[in-house]
*Asks:* 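Here you go, one structure.
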Amino acid sequence: MRVKALAFVALVVTATTARGQGLRGTVRDSTGGQPIPGAVIVLLDSAGATLGRNITDEHGQFRL
């Protein structure tokens, strides 16, 4: 699969994280809608501190 650009996604969360909460999704190329495997996902709090980090799987899916 050919990817024209490397995708970095940063999510900002203003609330505190409680146990049992999760975030999941799929990273897709904006031009063709194809899933992007190996994209780095970073979850940040309102101060910019890292709360979680993951890399998308072969289907462009992630879970934090």
Side-chain angles (χ1 to χ4, degrees):
M1 185 168 112
R2 184 175 170 196
V3 178
K4 294 183 179 182
L6 182 59
F8 290 97
V9 177
L11 302 171
V12 179
V13 175
T14 57
T16 59
T17 303
R19 289 185 182 169
Q21 289 182 341
L23 179 66
R24 63 182 177 175
T26 303
V27 177
R28 298 184 179 275
D29 182 337
S30 64
T31 58
Q34 296 297 313
I36 301 176
V40 178
I41 308 300
V42 180
L43 180 65
L44 305 172
D45 68 9
S46 60
T50 301
L51 295 175
R53 183 181 311 192
N54 206 344
I55 298 175
T56 59
D57 65 13
E58 65 273 6
H59 304 291
Q61 297 176 344
F62 67 91
R63 179 175 285 198
L64 292 169

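These numbers come from a predicted model, not from an experiment. Values reported hereafter were calculated over all heavy atoms of this structure, with side chains retained and with hydrogens, waters and symmetry mates removed.
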*Asks:* Between F62 and T26, which heavy-atom pair has the shortest distance, and what is it?
*Replies:*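 Closest pair (atom of F62, atom of T26, distance): CE2-N, 3.8 Å.
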
*Asks:* Considering non-hydrogen atoms only, spot the tightest contact between G33 and R28 and give its length.
*Replies:*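 Reported closest heavy-atom pair: O-NH1, 3.1 Å.
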
*Asks:* With side chains defined as the heavy atoms from C-beta onward, is the minimum distance between T50 and L43 less than 4.5 Å?
*Replies:*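 No, side chains not in contact.
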
*Asks:* Roughly how far, to the nearest 0.5 Å, is the CG atom of L44 from the CG atom of L51?
*Replies:* 7.0 Å

*Asks:* Rounded to the nearest 0.5 Å, what separates atom CD1 in I55 from atom CD1 in I36?
*Replies:*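 Output value for this atom pair is 14.0 Å.
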
*Asks:* Looking only at atom types and distance, does a side-chain atom of N54 sit under 3.5 Å from a main-chain N or O of R63, one as donor and one as acceptor?
*Replies:* yes

